[in-house]
Amino acid sequence: MDALLGFSAGVMIAASFWSLLSPAISMAESLNINIYLSVFLGFFSGGLLLFIGDKIYSIFSRKTSISNNKVKRSIMLIFSITLHNIPEGMVVGVAFGSLIYGINGATLASAITLAIGIGLQNFPEGSAVSLPLRREGYSRWKSFFYGQLSGIVEPIAAVIGAILVLRIQTLLPFLLSFAAGAMIYVVVEELIPESQSNKRKDLMALFTLIGFSTMMMLDVLLG
């Protein structure tokens, strides 16, 4: 189960760059937005939000005499993946909405390819939620339910992106980077330390590499 947690950490690290930061940089360039400012502010803000949430939870736990690391870890994990799916959904919506506005370079084929690619990437991203939850002792059904629940926001965000394509476009580099920062915070704060809580730390690190490689190959192959 620790190996699955390490695998999930690898998936999330790869998704943070290939699915979020890299597209954010490309979009900022095409929109003539300050790349360094928008990507840095977004990434740091995402991590800072999780940091603040972590501190608030700790204060709440002390005041109520309730300290459950399992619950905290589960909430942070579900929140970060869900947050990551919002800008991804908007990207798909913008791709289809751009067809209506006749934006240069927008084609139906590219929009469909993008939607399929992001859809396929969601398989390992869903596992990045379900596998750690299963490790925490959740039932198979609950682990599956929360894993797919984190993806429900994606089609909703896609509709918003399609409707507000011209306004959402300029926000996407920041939003993508914001989600990346949140995911990296969860990986560094929770997933990797927890996966290393046994004697086979070298093997756990190997599974993190496997998770990263799997997600990286999917992102690169699916564009």
Side-chain angles (χ1 to χ4, degrees), residues 1-25 39 42-51 53-54 69-91 117-136 138 143-154 157 174-197 201 203-222:
M1 298 304 277
D2 283 340
L4 295 178
L5 199 65
F7 178 87
S8 298
V11 168
M12 290 177 69
I13 294 170
S16 295
F17 177 74
W18 299 103
S19 296
L20 298 172
L21 286 176
S22 182
I25 293 170
V39 174
F43 185 83
F44 192 79
S45 298
L48 186 62
L49 177 66
L50 268 291
F51 173 80
D54 194 8
N69 289 330
K70 183 180 82 170
V71 173
K72 185 189 79 169
R73 191 158 41 245
S74 300
I75 291 172
M76 291 176 68
L77 182 64
I78 294 170
F79 177 77
S80 66
I81 293 288
T82 302
L83 188 66
H84 149 270
N85 282 329
I86 293 173
E88 271 198 351
M90 286 181 173
V91 168
I118 288 181
L120 291 174
Q121 290 165 11
N122 284 336
F123 282 98
E125 289 169 4
S127 71
V129 175
S130 299
L131 294 177
L133 291 182
R134 179 62 179 155
R135 180 194 177 282
E136 298 289 359
Y138 288 79
S143 299
F144 167 77
F145 176 76
Y146 288 122
Q148 60 84 32
L149 188 64
S150 66
I152 286 179
V153 297
E154 202 158 289
F174 176 85
L175 294 175
L176 288 165
S177 304
F178 185 91
M183 288 181 70
I184 290 297
Y185 182 88
V186 173
V187 169
V188 175
E189 170 72 11
E190 297 289 341
L191 299 190
I192 289 181
E194 188 65 21
S195 72
Q196 294 284 309
S197 60
K201 294 182 179 181
L203 187 60
M204 300 308 106
L206 185 61
F207 273 93
T208 301
L209 292 177
I210 293 171
F212 183 95
S213 301
T214 301
M215 191 66 199
M216 178 179 66
M217 287 189 294
L218 272 175
D219 275 325
V220 172
L221 288 172
L222 298 172

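Computed from a prediction, not measured in an experiment: that's the story for all the values here.
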Undergrad: Give me the atom names and distance for the closest heavy-atom approach of Ala182 to Ser80.
TA: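 Closest approach of Ala182 to Ser80: O-CB, 4.1 Å.
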Undergrad: Check whether any side-chain heavy atom of Glu189 lies under 4.5 Å from a side-chain heavy atom of Leu50, and answer yes or no.
TA: no
Undergrad: Quick one: CZ on Phe79 to OG1 on Thr82, what's the gap to the nearest 0.5 Å?
TA: 8.0 Å
Undergrad: Could you check if a side-chain atom of Leu209 sits within less than 4.5 angstrom of a side-chain atom of Phe212, using non-hydrogen atoms only?
TA: no
Undergrad: How far apart are the closest heavy atoms of Ser143 and Leu133, and which atoms are they?
TA: OG-C, 3.7 Å
Undergrad: Just so I know, are the side chains of Pro87 and Phe178 near enough to count as touching, which here means a heavy-atom distance under 4.5 Å?
TA: no
Undergrad: If you compare all heavy atoms of Val129 against all heavy atoms of Gly147, which two are closest, and at what distance to 0.1 Å?
TA: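 Heavy atoms of Val129 and Gly147 come nearest at CG1-CA, 3.8 Å.
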Undergrad: Taking the side chain from Gln148 and the backbone from Phe145, do they hold a donor-acceptor pair closer than 3.5 Å?
TA: yes
Undergrad: Minimum heavy-atom separation for Ser197 and Asp2, please, with both atom names.
TA: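 For Ser197 and Asp2, the tightest heavy-atom pair comes out as OG-OD2, 4.2 Å.
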Undergrad: For Phe44, which residues count as a ring-ring contact (aromatic ring centres under 6.0 Å, His included) partner, sequence neighbours excluded?
TA: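 Partners of Phe44 under the ring-ring contact (aromatic ring centres under 6.0 Å, His included) test: Phe40.
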Undergrad: Which pairs would a plain distance check flag for residues 7-18, meaning a side-chain donor or acceptor within less than 3.5 Å of a matching protein atom at least two apart in sequence or in another chain?
TA:
| unit_1 | atom_1 | unit_2 | atom_2 | d |
| --- | --- | --- | --- | --- |
| Ser8 | OG | Leu4 | O | 3.0 |
| Ser16 | OG | Met12 | O | 2.7 |

Undergrad: Hey, could you give me the CG/CZ distance between Leu5 and Arg134, rounded to the nearest 0.5 Å?
TA: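 Those atoms lie 14.0 Å apart.
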Undergrad: State, with a plain yes or no, whether a side-chain heavy atom of Ser177 is found less than 4.5 Å away from one of Leu21.
TA: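 Heavy-atom side-chain distance check passes, below 4.5 Å.
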Undergrad: Which pair of heavy atoms, one from Glu88 and one from Leu176, lies closest together, and at what distance?
TA: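 Looking at all heavy atoms of both residues, the shortest contact is N-CD2, 4.4 Å.
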Undergrad: Report yes if some heavy atom in the side chain of Tyr185 is under 4.5 Å from a heavy atom in the side chain of Met76; otherwise report no.
TA: yes
Undergrad: Going from CG on Leu203 to OG1 on Thr208, what distance comes out if it is rounded to the nearest 0.5 angstrom?
TA: 10.0 Å
Undergrad: If you round to the nearest 0.5 Å, how far is CD1 of Ile192 from CE of Met204?
TA: 13.0 Å
Undergrad: Kindly compute the distance separating CD (Glu154) from CD1 (Ile152), expressed to the nearest 0.5 Å.
TA: 11.5 Å
Undergrad: Supply the atom-to-atom distance Tyr146 OH to Ile75 CD1, rounded to the nearest 0.5 angstrom.
TA: 9.5 Å
